[in-house]
Q: 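The structure that follows is given in the form of structure tokens.
Only heavy atoms go into these numbers, but all of them, side chains included; no hydrogens, no water, no symmetry mates.
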Amino acid sequence: EGWLQHPVNCFAYPFGGINDINNEARTTVQKAGYDLAVSTEWEPVRTDSDPLFLPRLLINNWTGDEFSQKIRFLGFQ
């Protein structure tokens with residue numbers, strides 16, 4: 001935050017699988033002042049996603065066609 005000169009309100013769990021993050025971890029992240037936290041669960045964010053356990057999409061060095069195929073698989077057009 002000092003380097004950025006801007007508050008940081010998002011956290012990324014280093015090991016953020018569904019079996020890795022419990023209520024204690026979520027509470028700790030929230031008490032530390034974070035509003036959002038991203039997991040390593042591979043799916044799109046939805047309106048009912050838990051803000052302290054947001055999924056994220058791992059993006060690799062894919063071609064445009066490969067990227068299109070991946071997001072179509074997730075239900076994006």
Side-chain angles (χ1 to χ4, degrees):
E1 289 181 325
W3 182 74
L4 293 172
Q5 296 298 302
H6 190 276
V8 176
N9 67 341
C10 299
F11 180 81
Y13 296 106
F15 300 97
I18 194 137
N19 295 319
D20 301 315
I21 307 304
N22 58 23
N23 285 336
E24 181 181 4
R26 289 180 176 140
T27 300
T28 301
V29 167
Q30 189 173 35
K31 284 182 179 180
Y34 296 102
D35 300 320
L36 305 170
V38 292
S39 70
T40 57
E41 291 298 308
W42 200 82
E43 62 182 64
V45 173
R46 304 198 188 284
T47 57
D48 62 342
S49 294
D50 177 352
L52 294 174
F53 192 76
L54 294 171
R56 60 181 159 178
L57 300 177
L58 173 66
I59 306 298
N60 288 317
N61 189 19
W62 297 320
T63 65
D65 288 339
E66 289 170 318
F67 181 71
S68 293
Q69 181 183 20
K70 299 285 186 182
I71 61 173
R72 275 196 308 272
F73 172 76
L74 291 170
F76 294 107
Q77 297 297 331

Q: Other than F15, what residues sit in its cluster of Ile, Leu, Val, Met, Phe, Trp and Tyr side chains whose heavy atoms are under 4.5 Å apart, directly or through others?
A: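 For F15, no cluster forms, as it stays isolated from other hydrophobic side chains.
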Q: What's the separation between atom CZ in F53 and atom OG1 in T40, rounded to the nearest 0.5 Å?
A: 7.0 Å
Q: Just list the side-chain donor-acceptor pairs under 3.5 Å for residues 2-9, sequence neighbours left out, or say none.
A:
residue, atom, partner, partner atom, Å
Q5, NE2, G2, O, 2.3
N9, ND2, D35, OD2, 3.0

Q: Search all heavy atoms of V45 against all heavy atoms of P55 and return the closest pair with its distance.
A: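 For V45 and P55, the tightest heavy-atom pair comes out as CG2-O, 3.6 Å.
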Q: Rounded to the nearest 0.5 Å, how far does NZ of K70 lie from CG of N60?
A: 7.5 Å
Q: Measure the CD-CD1 distance between E66 and I71 for me, rounded to the nearest 0.5 Å.
A: 13.0 Å
Q: Do the side chain of S39 and the main chain of G17 share a donor and acceptor less than 3.5 angstrom apart?
A: no
Q: If hydrophobic clusters are built from ILVMFWY residues whose side chains come within less than 4.5 Å, do W42 and I18 share one?
A: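 Per the 4.5 Å side-chain linkage, W42 and I18 are not co-clustered.
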Q: Is it true that I21 and F11 fall in one hydrophobic cluster, defined by side-chain heavy atoms closer than 4.5 Å?
A: yes
Q: Rounded to the nearest 0.5 Å, what separation is found between the SG atom of C10 and the CG atom of L36?
A: 4.5 Å
Q: Please determine whether the number of non-hydrogen atoms from other residues, nucleotides or ligands lying under 6.0 Å from atom CG of D48 exceeds 12.
A: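 For D48, atom CG is crowded (more than 12 foreign heavy atoms under 6.0 Å).
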Q: Name all pairs fulfilling the side chain to side chain donor-acceptor pair (under 3.5 Å) condition that reach into residues 10-34, sequence neighbours left out, sorted by first residue then second.
A: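 For residues 10-34: R26-D50.
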